[in-house]
Amino acid sequence: MSAPPASEALDVLHRVFGYAAFRGPQAEVVEHVVAGGDALVLMPTGGGKSLCYQVPALVRPGTGVVISPLIALMQDQVDALHTLGVRAGFLNSTQNPEERRDTERALLAGELDLLYLAPERLRLGTTVNLLERMDIALFAIDEAHCVAQWGHDFRPDYLMLSELHQRWPAVPRIALTATATEHTRTEIAERLDLTAAKHVVASFDRPNIQYRIVPKAEPRKQLLELLRTEHPGDSGIVYCLSRKSVEQTAEFLAAQGIPALPYHAGLDAAVRREHQSRFLREEGLVMCATIAFGMGIDKPDVRFVAHLDLPKSVEGYYQETGRAGRDGLPSTAWLAYGLGDVVQQRKMIDDSEGDEAHRRRLGQHLDAMLALCETVECRRVQLLAYFGQQGEACGNCDTCLTPAESWDGTVPAQKLLSTVWRLKKERNQSFGTVQSVDILLGKRTPKVEQSRHHELSTFGIGTELSEQEWRGVARQLLARGLLEVGGPYNTLQLTEGSQAVLKGDRQVMLRKDPERVRTRRSSRSAAPPADLPAGAAPVFERLRAWRAATAKEQGVPAYVIFHDATLRAIAALAPTSLPALGTVSGVGENKLAKYGQGVLAAVGGAAAAAPAVPAVPAGPVEDDWPVEEPPEEDYPDDDPWGA
Ligand code: ADP
Ligand code: ZN
């Protein structure tokens, strides 16, 4: 902790939020905004952005006005603040006139500490009029990257945001985002007239997230193993590229006894809302989704984020994986990646609309993502480097835990490229990876015999590698642009880079794919979480049962009552009095008064036994995902992070 911030802010942090100390640069930001300064805050997802404006809003006189595009989440945000005893309200299009009037009345009576406002409200004369009649503590602009990324849709609303400054020059403004590249940051600052503001960039490291990227073999089976062995009963998100695979994956998991729901832009709005709400409220639900899901979902106990398809950019990947472990507890970011992903993504770029410059940008994003996948270095170091930050080998990613080896793959690369070249030169043909690998392995398949490919000079010259290893070689050559796919059937083609390899002018170092990815944690249902002392596990389960019942009764997500981390700390301490309970991080004044007795009773053994995690039947897993299938005729949802 640096110098202590204004004591009033610290007092609010203790009393209202029940937290012992500010985290990272929060203290600095809070102090600056409390004093009336403008700020632009970049923090990773889960970094603790909300407190940066909530605390100053409570300390400064008047109401803090939070402009947020996440209308669907406002009710939950306001509910969460209410359980803390913070007087909060919102104004958006989901309300009826009466509800709006109530909020406006409370505002003008000075009864609200925080007001959440959808950006389009700012364009209404009535809103401006309302703001003019009230006492404003600050303006917070949440998800500020929307100004840059979705310029088209939000532009008129967000343009209003820079006018706020002209109308209310004395009111501090704080813009917050988790999108971190230098470029985006500059754009936000310019558009919001915040170039002169204090810029605070937090570390983008999320140490509690374990990053793992595994070779894709049978993705659903691999996913199932991950969920069964490491995350039984946990909440998590599984990202898929297409709507169809979202649906199929959700059905597959459900059939395996794992509660799962689909979410994508093709579903009815009402269905989407219901699924989102269930994900927030129920424990242990898995959301299978396209990237349309997740912005602003601040569920703290998402224990894993799995990707079954390659994300299009590192930025998107980091946003998505960042949704895991906001509560700071160990979480997993897991990605299965294979040859088919490279083929599919390259093709999608080729087919994409937009000019050459646009395609080049997409290609650069993809290359950075591929480099992350193929690295033999610490994943976290690479990720942080992408955001312009430095790190050291982290000890909590797959390459740190099981160092990946690199090997000189020049000769195999030449053999594969030469096969592609001969097919073209000698036969004027081009084929996919399967055929080329069959040729190298000397397999007399019907297709080989029929095309007389056994007569090629490269036939059978590659038996030193297994089929899987050859696919690894092809994938890495594709990833580096030393080979490409093209033509009407997505066949292998040589590139400019291929020539240098074929001529022996270029060495090709490759990553050795691990044999079989070994999972590290044993089943959690068998043993209590590591940070709980012996004997505390039953207390924790009783507390969870109490929390589930309380949340249901109040119609709020369980984490709004207390986070897992807080429940764990309570179980470990096993307090027998309210003052003792009040010392636990996450237990503020209001929650102590509201829930204290219930918690003490549960600690003392009063609550009903918690339901056990349902056992999932082990059974054969069908695998119907050939890696090399051409991309489905299906709609990948729009990428809000894409270039
Ligand atoms: P962001 O909006 O940056 O994604 P949040 O504001 O939702 O992150 O905070 C992430 C989690 O960390 C929340 O559950 C929040 O309660 C918790 N948190 C934030 N600041 C602190 C702090 N100083 N001490 C303890 N927990 C904190
Ligand atoms: Zn590492």
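We count ligands from 1, going down the list as the structure has it; atoms in each ligand are counted the same way. Just so you know, residue 1 is the first one in the sequence shown, and it goes up from there. Computed over heavy atoms, backbone and side chain alike; hydrogens, waters and symmetry mates excluded.
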request  = Decide if the gap between the ring center of F304 and the ring center of H231 is smaller than 6.0 angstrom.
outcome  = yes

key: Short side-chain to backbone donor-acceptor contact, R173 and I141, under 3.5 Å   = no

key: Crowding at CD, Q389 (>12 non-hydrogen neighbours, <6.0 Å)   = yes

note = Sorted by chain and residue number, the side-chain contact (heavy atoms from CB on, under 4.5 Å) partners of R480 (sequence neighbours excluded) come out as Q476, L482, V508, L510

request  = For salt bridge (Lys or Arg N to Asp or Glu O under 4.0 Å), just list the numbers for E230 and R303, CA-CA rounded to whole Å, side-chain angles, deciding distance to a tenth of an Å, and then say yes or no.
outcome  = CA-CA 10 Å; E230 296 181 47; R303 291 273 69 85; over 6 Å; no

query = Is there a donor-acceptor pair closer than 3.5 Å between any side-chain N or O of N208 and the backbone N or O of L329?
reply = yes

message = Show, in sequence, the C-alpha distance, side-chain angles and deciding distance for R326 and D298, and conclude whether the salt bridge (Lys or Arg N to Asp or Glu O under 4.0 Å) test is met.
response = CA-CA 8 Å; R326 283 168 183 249; D298 51 7; 5.1 Å; no

request  = Under 2.8 Å from the Zn ion (ligand 2), which protein N, O or S atoms are there? Could you list them by chain and number?
outcome  = C378 SG, C394 SG, C397 SG, C400 SG

As a test of reading the model: which N/O atoms of the protein lie under 3.5 Å from N/O atoms of ligand 1, and at what distance?
{"from": "ligand 1", "atom 1": "3 (O)", "to": "G47", "atom 2": "N", "distance (Å)": "3.4"}
{"from": "ligand 1", "atom 1": "3 (O)", "to": "G48", "atom 2": "N", "distance (Å)": "3.0"}
{"from": "ligand 1", "atom 1": "3 (O)", "to": "K49", "atom 2": "N", "distance (Å)": "2.8"}
{"from": "ligand 1", "atom 1": "3 (O)", "to": "K49", "atom 2": "NZ", "distance (Å)": "2.8"}
{"from": "ligand 1", "atom 1": "4 (O)", "to": "G46", "atom 2": "N", "distance (Å)": "2.6"}
{"from": "ligand 1", "atom 1": "4 (O)", "to": "R326", "atom 2": "NH1", "distance (Å)": "2.8"}
{"from": "ligand 1", "atom 1": "6 (O)", "to": "K49", "atom 2": "N", "distance (Å)": "3.3"}
{"from": "ligand 1", "atom 1": "6 (O)", "to": "S50", "atom 2": "N", "distance (Å)": "3.0"}
{"from": "ligand 1", "atom 1": "6 (O)", "to": "S50", "atom 2": "OG", "distance (Å)": "2.5"}
{"from": "ligand 1", "atom 1": "8 (O)", "to": "G48", "atom 2": "N", "distance (Å)": "3.1"}
{"from": "ligand 1", "atom 1": "12 (O)", "to": "R23", "atom 2": "NH1", "distance (Å)": "3.3"}
{"from": "ligand 1", "atom 1": "12 (O)", "to": "R23", "atom 2": "NH2", "distance (Å)": "3.4"}
{"from": "ligand 1", "atom 1": "16 (O)", "to": "Y19", "atom 2": "OH", "distance (Å)": "2.6"}
{"from": "ligand 1", "atom 1": "20 (N)", "to": "Q26", "atom 2": "NE2", "distance (Å)": "2.9"}
{"from": "ligand 1", "atom 1": "23 (N)", "to": "A21", "atom 2": "O", "distance (Å)": "2.9"}
{"from": "ligand 1", "atom 1": "23 (N)", "to": "Q26", "atom 2": "OE1", "distance (Å)": "3.0"}
{"from": "ligand 1", "atom 1": "26 (N)", "to": "R23", "atom 2": "NH2", "distance (Å)": "3.3"}

inquiry  = Can you tell me how the ring of F279 sits relative to the ring of F293, calling it parallel under 30°, perpendicular over 60° and tilted otherwise?
reply    = perpendicular

key: Qualifying residues under side-chain contact (heavy atoms from CB on, under 4.5 Å), relative to V171, sequence neighbours excluded   = I136, F139, W168

